**Q** 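My questions all concern the structure below.
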Amino acid sequence: MITGAQSSAEEKQRASNQLLRALIEAQADFVRGAEPRDAFERMLAVVLELTGSESGVIGEVHQAPGATPSFHVVASLPPDETNASWELPVRPELPGRELRDLRALVGAVSTADGPVVCGAPGAEHTFLGLPLESAGERLGVVGLANRPNGYDAELIDFLQPFLLACGSMLIGCRNEQRHQRDEQELRRIQERSAERLQVVMESVADGVWELDVTTGQMFTNRRWLGMLGYDEGELESSFATWSSLCHPEDLPESMRVFNEHTTDALPLIEREHRFRCKDGSWLWILSRARIVARDEQGRPLRIVGTNVDITARKLGEERLRALVSTLPDIVFRIGADGTYRDYHANSNLELLIPPESIIGTNLRDLPLAKPVLDKALMHLARAIREGTLEVFEYVLDLPHSGRMHYEMRLTRSAPDEVISIVRDITERKQTEERLVQQEVELRRHRDSLEELVRTRSEKLLQATLELEEQQAQLIQTEKLASLGQMAAGVAHEINNPVSYVMSNLGTLDQYFSSLAPLMQLQRELLAPQDEQTGSAPAEVLERMRELWQREDVEYILGDLPELIEESLAGTRRIKEIAQSLRSFAREDSGEPQLVDVNAELASSLKIVWNELKYKCEVKRDFGPLPPVSCHPTQIAQVFTNLLVNAAQAIETRGEIRIRTRHEGNDVVVEVADTGKGMTQETLSKLFTPFFTTKPRGQGTGLGLSVSYGIITRHKGRIDVQSEPGKGSTFIVRLPAAQR
């Protein structure tokens, strides 16, 4: 035991050796993985024994940012099981004041710059607090208590190896804890990565596999066999299964590529081959794989790869090859240095060099004129540099074909490559030359033709004006012809009201003759007394009564209003017919007018009523219509023609239905009859001028032709629906006036 300054040098040396042995053994156990607390307690026990201290503590100071510092007990003698961590006081006891226990000592040392010694020799309580530091960082505190002779600087020097050992072991503990935390975090990361990898493997559209080369066992995702139509677990995941599914024609080459990779002849497996599906069909699969693990002798242990379904791409390539094989052009792949890498050309095309020599040949080695070569190289460089489509033409003199014209198109297909399409445009050039010659000749004829065209244009204009005038005359002629055909009917229609008006006037004359004597007697009765002729009023009244009864005046007075009303109705009927005829026969004004189509239809019915009333029943269904901008007399002529034709199509007795409606932007008029109908041959000629189905002398054949022209000029349309024996329906569409 070290007793302070009175200790002999021999005792100090023995004590120092004993301490060093204890430290070395504790550190050796710590390095071998022993429990750190045990190593610290053994060292603390030796220090208590050598210093004669009653108790001691070794602990680690934890200082988290923004938190109260704490002291974690690593070793304590005698053992303190109450609390392994002490919260350090915010204001620790200052050195020099009497400390109560080791906790207060630790709190004082945690903020002191060096060792803390309290209590004089012989005092009841003595304390020594030593900070554990490394690289300027406060790691922990060693506290000793109750040494009989107290603590001095010599004892502090003696304990320096112990402090170094404690500091290094605390650093080791921290590193070990950090290492354990890092390992735990790494395991968590690996577990999360494995979970994500599993999710990715199950969700990717490609087959992912790992081959154990030594056993032939394969570890795959669901897609590996799923793309072939097999369910999970239906086939064994092994190299033997892979070989059995590979197409017999592709298997030898695939095995060769596999063996070359395993012997390091190929850095990567990349192979397109066919695999059999569950339904017997074949899929094209692109397999890529590489060795990921080897044994100590360099032999492969594991290979990881992917399978990609490229069937659609292969089919597309086959279609593209079939398409390219039909092209009359020559297609080249040319590198940036001008070297031909691939080509396609029909066998009947003449080339500058033999086909077998093209690949690997440079543009500069071709027998090309220098201007052509310079132009080709300039466009090649621009296409690769700027990515533009380059097009230029050039001429070659070939041994067998003579002078040929070509067009070359260059477009970038890779950073150092272009696709070139060369097209024979000789025929086009020859055609262009012929066109130029023809254009020169045409120019010679153009001047003479222009004068001829001007002359004919003037004649055509004059003919057009004459034709328009004749057309107007034709419309008026057809209108008058229609009036002539309807003249007898119109006369008969007027004659009826004229007859009963005249009859009523005769009856009124008789009534007047009967009433005249009665009126004379009334005049005598009403005359003043001095003007009477001598007859007494009573006598006059008696004569009036006798005359009233004899002439039946009661009947006459009752019949007079009816006679007058019938006569007025007859005169109104005559007036309406006259107005309708006047409107129908009048010349059109130059400007169109806003017309009520329903009113025009009603007027037309009045004109042709005599043609209709004895053969058919007319049913009207007039809907509300917007006005139409038109020439009213021309539209009335159309309606008149349609109504007369409908009546003439009915042989005995039938029905004509007139319906109007507003449909979209059109005013629609339908005139349907129950007549004999028309054949398709008749319908095809229906609107041809002078075509008629009536007997000779009964029709001009102009009615429907003129009607068609009128409706067309009004931007309208006239359609016909008819079948033999089922009647006909004429549908007229006119654009409604824009409001």
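For clarity, every value in this text was computed on a predicted model and none was experimentally measured.
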**Q** Excluding sequence neighbours, so at least two apart, what forms salt bridge (charged side-chain N to carboxylate O under 4.0 Å, His left out) with R276?
**A**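 Result, salt bridge (charged side-chain N to carboxylate O under 4.0 Å, His left out) vs R276: none returned.
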
**Q** Could you give the distance from OG (S237) to CG (L225), rounded to the nearest 0.5 Å?
**A**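 Taking OG in S237 and CG in L225, the distance rounds to 5.5 Å.
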
**Q** Could you tell me which residues satisfy salt bridge (charged side-chain N to carboxylate O under 4.0 Å, His left out) with R274, sequence neighbours excluded, listed by chain and number?
**A**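 Applying salt bridge (charged side-chain N to carboxylate O under 4.0 Å, His left out) to R274 gives E249, D250.
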
**Q** Do any N or O atoms from the side chain of Q18 and from the backbone of A15 form a donor-acceptor pair under 3.5 angstrom?
**A**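 No.
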
**Q** Apply ring pair (Phe, Tyr, Trp, His ring centres under 6.0 Å) to Y230 and list each qualifying residue two or more places apart in sequence or on a separate chain.
**A**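 Expected list: none.
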
**Q** Listed by chain and number, what are the side-chain hydrogen bond (donor to acceptor under 3.5 Å, both in side chains) partners of E10, not counting sequence neighbours?
**A**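 Here no residue qualifies.
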
**Q** Is a side-chain N or O of D212 found less than 3.5 angstrom from the main chain of G216, in a donor-acceptor match?
**A**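 It does not hold such a pair.
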
**Q** Does any N or O in the side chain of D157 come within less than 3.5 Å of the main-chain N or O of Q160, such that one atom is a donor and the other an acceptor?
**A**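 Looks like no, no N/O pair under 3.5 Å.
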
**Q** Would you call R181 and E183 a salt bridge, using N to O less than 4.0 angstrom?
**A**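 No.
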
**Q** For E41, which residues count as a salt bridge (charged side-chain N to carboxylate O under 4.0 Å, His left out) partner, sequence neighbours excluded?
**A**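 E41 satisfies salt bridge (charged side-chain N to carboxylate O under 4.0 Å, His left out) with no residue once adjacent residues are dropped.
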
**Q** Please tell me if the side chains of L144 and L159 come closer than 4.5 Å, counting only heavy atoms from C-beta onward.
**A**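 Touching, per the 4.5 Å side-chain cut-off.
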
**Q** Please report the C-alpha distance between N259 and R256 in whole Å, then the side-chain angles of each, then the deciding distance to 0.1 Å, and finally whether the side-chain hydrogen bond (donor to acceptor under 3.5 Å, both in side chains) criterion is met.
**A** CA-CA 5 Å; N259 292 331; R256 183 190 66 78; over 6 Å; no

**Q** Examine distances only and state if a side-chain atom of S281 and a backbone atom of C277 form a donor-acceptor pair shorter than 3.5 Å.
**A**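 It does not hold such a pair.
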
**Q** Determine whether a donor-acceptor pair (N or O, by modelled atom type, separation under 3.5 Å) exists between the side chain of S76 and the backbone of P78.
**A**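 Yes.
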
**Q** Does the pair T220 and V208 meet the rule for a side-chain contact (heavy atoms from CB on, under 4.5 Å), with working shown?
**A** CA-CA 6 Å; T220 66; V208 182; over 6 Å; no

**Q** Between D152 (side chain) and L155 (backbone), is there a donor-acceptor pair under 3.5 Å?
**A**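 Yes, the answer is positive, given that a donor and an acceptor are paired below the 3.5 Å cut-off.
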
**Q** Report the relative orientation of the aromatic rings in F239 and W242; use parallel for angles under 30°, tilted for 30 to 60°, perpendicular for over 60°.
**A**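 If you compare the ring of F239 with that of W242, the planes turn out parallel.
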
**Q** Tell me, with the steps shown, if S53 and Y151 meet side-chain hydrogen bond (donor to acceptor under 3.5 Å, both in side chains).
**A** CA-CA 9 Å; S53 299; Y151 300 97; 2.7 Å; yes

**Q** Does E296 have more than 12 heavy atoms from other residues, nucleotides or ligands lying within 6.0 Å of its CD?
**A**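 At most 12 heavy atoms, drawn from other residues, nucleotides or ligands, come within 6.0 Å of this atom.
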
**Q** Looking just at side-chain N and O atoms, do T388 and E390 make a donor-acceptor pair shorter than 3.5 Å?
**A**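 On atom types as modelled, these side chains qualify, holding a pair under 3.5 Å.
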
**Q** Is the distance between the ring centroids of W284 and H247 under 6.0 Å?
**A**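 Centroid distance W284-H247: not below 6.0 Å, so no.
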
**Q** Would you find more than 12 non-hydrogen atoms of other residues, nucleotides or ligands less than 6.0 Å from R288 atom CZ?
**A**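 Not buried by this count: 12 neighbours or fewer within 6.0 Å.
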
**Q** Within the distance-only criterion (no hydrogens, no angle test), does the side chain of T311 pair as donor or acceptor with the backbone N or O of L283 below 3.5 angstrom?
**A**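 No: the side chain of T311 does not pair with the backbone of L283.
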
**Q** Taking D416 for its side chain and A336 for its backbone only, find out whether a donor-acceptor pair lies under 3.5 Å.
**A**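 No, because the side chain of D416 does not come within donor-acceptor range (under 3.5 Å) of the backbone of A336.
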
**Q** Quick test of your reading of the model: are E272 and K314 salt-bridged, counting only N-O distances below 4.0 Å?
**A**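 Here E272 pairs with K314 in a salt bridge, since their nearest N and O are under 4.0 Å apart.
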
**Q** Salt bridge or not for E417 and R341, using N-O below 4.0 Å?
**A**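 So E417 pairs with R341 through a salt bridge.
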
**Q** Go through the structure and list residues passing salt bridge (charged side-chain N to carboxylate O under 4.0 Å, His left out) with R271, not counting sequence neighbours.
**A**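 Once residues adjacent in sequence are excluded, R271 has no partner under the salt bridge (charged side-chain N to carboxylate O under 4.0 Å, His left out) criterion.
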
**Q** As an exercise, state the distance from CG of L164 to CG of L23, rounded to the nearest 0.5 Å.
**A**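 It comes to 9.5 Å.
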
**Q** I'd like to know if D295 and R302 make a salt bridge, using a cut-off of under 4.0 Å between side-chain N and carboxylate O.
**A**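 No salt bridge links D295 with R302.
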
**Q** Check R14, R21, Q13 against N17 for a side chain to side chain donor-acceptor pair (under 3.5 Å) and give me the one that passes.
**A**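 Going through the options one by one, the only one that passes is Q13.
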
**Q** In this structure, are over 12 heavy atoms from other groups packed under 6.0 Å from R333 atom CZ?
**A**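 Atom CZ in R333 is crowded, with more than 12 foreign heavy atoms closer than 6.0 Å.
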
**Q** Given 3.5 Å as the limit, does a donor-acceptor pair link the side chain of R42 with the main chain of A26, or not?
**A**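 No; zero donor-acceptor contacts below 3.5 Å.
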
**Q** Begin from the C-alpha positions of N362 and R364 and carry the test side-chain hydrogen bond (donor to acceptor under 3.5 Å, both in side chains) through to its verdict.
**A** CA-CA 5 Å; N362 195 282; R364 298 173 179 81; 3.2 Å; yes

**Q** Judged by atom type as modelled, is there a donor-acceptor pair below 3.5 Å linking the side chain of N175 to the main-chain atoms of I171?
**A**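 The answer is yes, because a donor-acceptor pair under 3.5 Å joins these two groups.
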
**Q** Do T241 and S244 have side-chain N/O donor and acceptor atoms under 3.5 Å apart?
**A**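 No pair is found: no donor N or O on one side chain lies under 3.5 Å from an acceptor on the other.
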
**Q** Are S287 and H273 close enough that some pair of their side-chain heavy atoms sits under 4.5 Å apart?
**A**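 Yes, at least one pair of side-chain atoms sits under 4.5 Å.
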
